[in-house]
Student: 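Supplied in structure tokens, the structure appears directly below.
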Amino acid sequence: MSLPSAAPATLDLTRRSIAYFSMEIALSPALPTYSGGLGMLAGDTLRSAADTSAPMVAISLAHRRGYFRQQLSDLGLQSEVDVPWSPETLPTAGKTIALTIQNRQVQVRAWRFDVTGTTGHIVPVFLLDTDIDGNDPWDRRLTDHLYGGDTYYRLCQEAVLGLGGIALLQALGVKPEVYHMNEGHAALLTIGLLEERLGSRRLSEASDADREAVRRQCVFTTHTPVPAGHDQFGLDQMYQVLGHDRGSAVDASGGLHNGLMNMTYLALALSRYVNGVAMQHGKVSQIMFPEYKVHSITNGVHAATWLSASFQELLDQEIPDWRTDNNYFRSIYGVDPARIAACHAKNKHRLFAWLARRTGHYFNPSVLTLGFARRVATYKRAGLLLQDPDRLCAIAEKIGGLQILFAGKAHPADNAGKALIRDVYAAAVKLNSEFLKIYYVENYDWELGALLTQGVDVWVNTPRRPYEASGTSGMKAALNGVPSLSILDGWWIEGCAENTTGWAIEDGRSEADEAAHLYNKLEKAVAPLFASPLAWARLQRHCIGINGSFFNTHRMLSEYIHNAYFPYESVPTPITPSEVPGEITKPALV
Ligand SMILES: *Cc1c(COP(=O)(O)O)cnc(C)c1O
């Protein structure tokens, strides 16, 4: 994907009825404006919106110095490097707005990145930027680092996103009917809407009817049951950054929880539709937030972004309408499995050629290859696959060879995550043998994510239940005919048809138990099937036909449009006790 040219298309923004707010959006492999799954999902959502002509605009921050580039030392120690880029290469939004943060006037401008769909429809993304002459030097750095700095920095950023985003839309004459908060980071947009509604009246005069009017415009998607994923701020800090009036409005709106400002609770209180990102995640979130009705809309991926060139070529020949209508993936059953296997073989060669060029490590294309790449968070348990090295080595020898590729970044402040990378790295060095090859690839990003999900044979996921809200990398794999071997958590509960789209790793009473289940499946189910090329090719076709046709953002966006943005019946129904599912372990409350 290339950056848009300098001459912007003229767009009639007054007809855009959906405003999508996200702290991170993966817009192009060349731009460092995302950290992981949340930003990928946001980008894929907008790409599907552009392909299907949805009347959407989006708001995010410029993140001028990016998230970071990961470097790993010989010992697997992570260090981080800034990724500076110049939004000045993009057209401007043409308006600058002013925002008060802790009694300082902060000027905010925006750059426009156009997401252009397959039929030419444009979804403009406004990237807010405070690096302007005249701003306080500290404020100029406010839109530099995605998830950087301390809580003060973060709250200021969230003020820019939520309050600044609303002010910008107003200045541009955009009058959305629906505001979608992709995660709680954007929850201050509700206070911006309340102010807009009140006009010259003060926030302290807002009535329940005013708040209800805001609530009717807002949709909120929560993305994780992990407590650290829900931003909280001390009340002193809230009043310090937002000032008395806005701070009190957060309080009066229900945005405090356990004596802290809580972005999730603010979003919950002022949204008419709330959802989790997979069936089970909706249920888990319902237990976490029993006062609010929580729906589920299962995530997806943007097919044209994640499908390899070889598969795109095949599909363009056989079912060309897949680009605008992903239901056509179901028609893959009219394609000879051998052609699917041939596409995958190309992808595997491409991945290994890239690896050899970049790292000097040679992997064998005829050997069963597992992929495990994700943000390194302890609940994702990157080490589970290596829990019993002797067993793993024995399996590798018995089945005639095994290769494993790992990748993933730890947040710069996450020392436990960094230690996990170092451990996997050390194990890899120790276990490498004639039969077993393990390599940890540096700097997991969009490009590497595509290469890996397209090129390995089996995608592995080992989260601790029920903390994987959805996961989307396994969906990218499925679309490319790559089955998953995964704990039944997140999307995989919906995507796993045993021996058909992949395999479930059964629950165990301990990590050792679950590792044993993983090894059993690998040895007794995965490897024997891999040894039969025709059976494997049929499995690859099922991955595309069953899972590719459903776990895509075209389907997901249409669910948002019909269930969340413009529902047939938008009167909220109170939740009854019988609707609260009981069988799921309650995660720690935020
Ligand atoms: C798809 C993707 C993710 C999200 O995948 P999960 O399955 O949620 O871990 C994260 N990072 C990158 C670079 C990706 O491409």
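Heads up: numbering here begins at 1 and tracks the sequence. Whatever order the structure lists ligands and atoms in, that order sets their numbers, starting from 1. Note that the coordinates shown come from a computational prediction; the quantities given were computed from them, not determined experimentally.
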Student: Going by the order shown, which atoms of ligand 1 are within less than 4.0 Å of some heavy atom of Gly37?
Tutor: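 Taking each heavy atom of Gly37 in turn, ligand 1 has 3 (C), 4 (C), 10 (C) under 4.0 Å.
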Student: Does the side chain of Thr324 come under 3.5 Å of the side chain of Asp51 through a donor N or O and an acceptor N or O?
Tutor: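 Judged by distance alone, the side chains do not pair up.
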Student: Indicate, with yes or no, if the rings of Tyr265 and Phe289 have centres closer together than 6.0 Å.
Tutor: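 Aromatic pair counts; centres sit under 6.0 Å.
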Student: With sequence neighbours excluded, tell me which residues meet ring-ring contact (aromatic ring centres under 6.0 Å, His included) with Phe530.
Tutor: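 Phe530 satisfies ring-ring contact (aromatic ring centres under 6.0 Å, His included) with Trp536 once adjacent residues are dropped.
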Student: Out of all atoms in ligand 1, which are within 4.0 Å of some heavy atom of Gly471? Include the element for each.
Tutor: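 Near Gly471, the atoms of ligand 1 are 7 (O), 8 (O).
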Student: Tell me which one of Thr472, Asp445, Leu448, Leu38 gets a heavy atom nearest to atom 13 (C) of ligand 1.
Tutor: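 The nearest heavy atom belongs to Asp445.
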Student: Using ring centroids (six-membered ring only for Trp), state whether His554 and Tyr328 fall under 6.0 Å.
Tutor: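 So the answer is no for these two rings.
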Student: What is the nearest protein non-hydrogen atom to atom 7 (O) of ligand 1, stated with its residue, atom name and distance?
Tutor: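 Protein heavy atom at minimum distance: Ser473 OG, 2.5 Å.
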Student: Of Lys476, Arg375, Glu447, Met475, which has the heavy atom at the shortest distance from atom 3 (C) of ligand 1?
Tutor: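 Going through Lys476, Arg375, Glu447, Met475 one by one, Lys476 has the nearest heavy atom to atom 3 (C) of ligand 1.
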Student: Output, in order, the C-alpha distance, side-chain angles, deciding distance and verdict of side-chain hydrogen bond (donor to acceptor under 3.5 Å, both in side chains) for Asn326 and Arg555.
Tutor: CA-CA 7 Å; Asn326 285 178; Arg555 183 270 312 155; over 6 Å; no
Student: Which option wins on minimum heavy-atom distance to atom 12 (C) of ligand 1: Tyr444, Phe372, Trp306, Trp446?
Tutor: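 It is Tyr444 that holds the nearest heavy atom.
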